[in-house]
Amino acid sequence: MELKIATWNVNSVRARLSVVIRWLEKEKPDVLCMQELKATLEQFPFEEFENLGYHCAVNGQVRWNGVAVVSLSEPAAIETDLNGFLPEQSRMISTGIHGIRLINVYVPNGSEVDDPRFKDKLRYYEVLRNYAEGFDRPTVIVGDFNVAPGPDDTHSPEQQDGTVCYHPLERKQIQLFEKHGFRDVFRKYHPQGKAYSWWDYRAASFRRNRGMRLDLVLADETAMERITDCFIDKEPRKWEKPSDHTPVLFKIEVSE
DNA sequence: ATGGCCGGGAAGCCCGGA
């Protein structure tokens, strides 16, 4: 059977609830990985997801961060500890789904290049790589990586070069994932051309299509062999009260 | 005509996002 799995930074699951539910009813993915819940476990709207048949695995936090995996089949072996790194920030949830290890992350934004949080961001990629290599294959990492991997993944690469989310040290980290066998799945299916998953709320960025591709699917070789497609769904970015991100989806063949 | 936003929690602004 084939699973359809999505990743989406929803920018508050409570503010976005009607948009997310509408999208689930339209797209009917088997799994949705969400980032930036901006909600605690207690605040998470379980009922609305369960009404559509989804199980919810939630790593919540007050005000900021927060990630969740909602899935039609019950997830196994849920983990929220990223090898002890940044324990006070809820940025990772990892589950077993139909024999796949699915890791859902919200990588720190980094604030500014000269901010101490930028160092945490760079370190985050390394710790995540070590964590992801600790599982039996196949393994897929999805989420908001907060970096555009290459010049086709952002609207103005020349002007943005060296700034947060398009800094050479950040891009190098994505190249290191590739060196460790985790490929950028979207670019396998769309090797050429500008493609974005995020558009700033300001400056009419969406209408002018000035965006960045920050939301990635990285798959190891075993997972890549089973993946059949990967694409960005721009539709919900056009709806009322949208998130500034839009969903990225992929399809993967699993035995049962 | 080229850009002026959004969410949460505490408070009537500030922080964070990217």
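Everything quoted here is computed from the prediction, not taken from an experiment. Letters A, B, ... are given to chains in the order of the sequence lines, protein chains preceding strands, and every chain is numbered from 1.
Within 4.0 Å of A/Arg210, counting heavy atoms only, lies no atom of the nucleic acid at all. Note on A/Gln43: only backbone sugar-phosphate atoms sit closer than 4.0 angstrom, heavy atoms only; bases stay farther off.
Of the side-chain N and O atoms in A/Arg14, none sit less than 4.0 angstrom from OP1 or OP2 of B/dC6.
The number of heavy-atom neighbours closer than 6.0 Å to CD of A/Glu47, taken from other residues, nucleotides and ligands shown, is 12 or below.
Comparing A/Ala203 and A/Ala15, the nucleotide of DNA chain B nearest to each residue sits closer to the 5' end for A/Ala203.
Within the cation-pi definition used here (under 6.0 Å to the ring centroid, within 45° of the axis), A/Arg22 qualifies as a partner of A/Trp239. A cation-pi arrangement is absent between A/Arg129 and A/Phe182, since the terminal nitrogen or guanidinium carbon is not both under 6.0 Å from the aromatic centre and inside a 45° cone about the axis.
Between B/dC6 and B/dA1, the two P atoms lie 24 Å apart (nearest whole Å). Between the C1' atoms of B/dG7 and B/dA11, the separation comes to 15 Å (whole Å). Comparing B/dG3 with B/dA18, their P atoms are spaced 22 Å from each other, to the whole Å. Spacing between B/dG4 and B/dA10 at atom P, rounded to whole Å, works out to 30 Å. Taking the C1' atoms as reference points, B/dG8 lies 15 Å from B/dG12, given to the whole Å.
A/Gln160 is linked by a side chain to side chain donor-acceptor pair (under 3.5 Å) to A/Thr154, counting only residues two or more places apart in sequence or in another chain.
Sorted by first then second residue, the side chain to side chain donor-acceptor pair (under 3.5 Å) pairs that include residues 57-69 of chain A, not counting sequence neighbours, are A/Asn59-A/Ser90, A/Gln61-A/Asn65, A/Asn65-A/Arg91.
Across the protein-nucleic acid pair, A/Glu42 atom CD and B/dG8 atom C1' stand 16 Å apart, rounded to whole Å.
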**Fill in**
5' to 3', nucleotides 12-18 of chain B under a 4.0 Å protein heavy-atom cut-off (B base, S sugar-phosphate only, - none) gives ----SSB
**Message:** Could you walk me through whether A/Ser94 and A/Tyr131 satisfy the side-chain hydrogen bond (donor to acceptor under 3.5 Å, both in side chains) test, starting with their C-alpha distance in whole Å, then the side-chain angles of each, then the deciding distance to 0.1 Å, before giving a yes or no?
**Reply:** CA-CA 10 Å; A/Ser94 151; A/Tyr131 176 78; 3.1 Å; yes
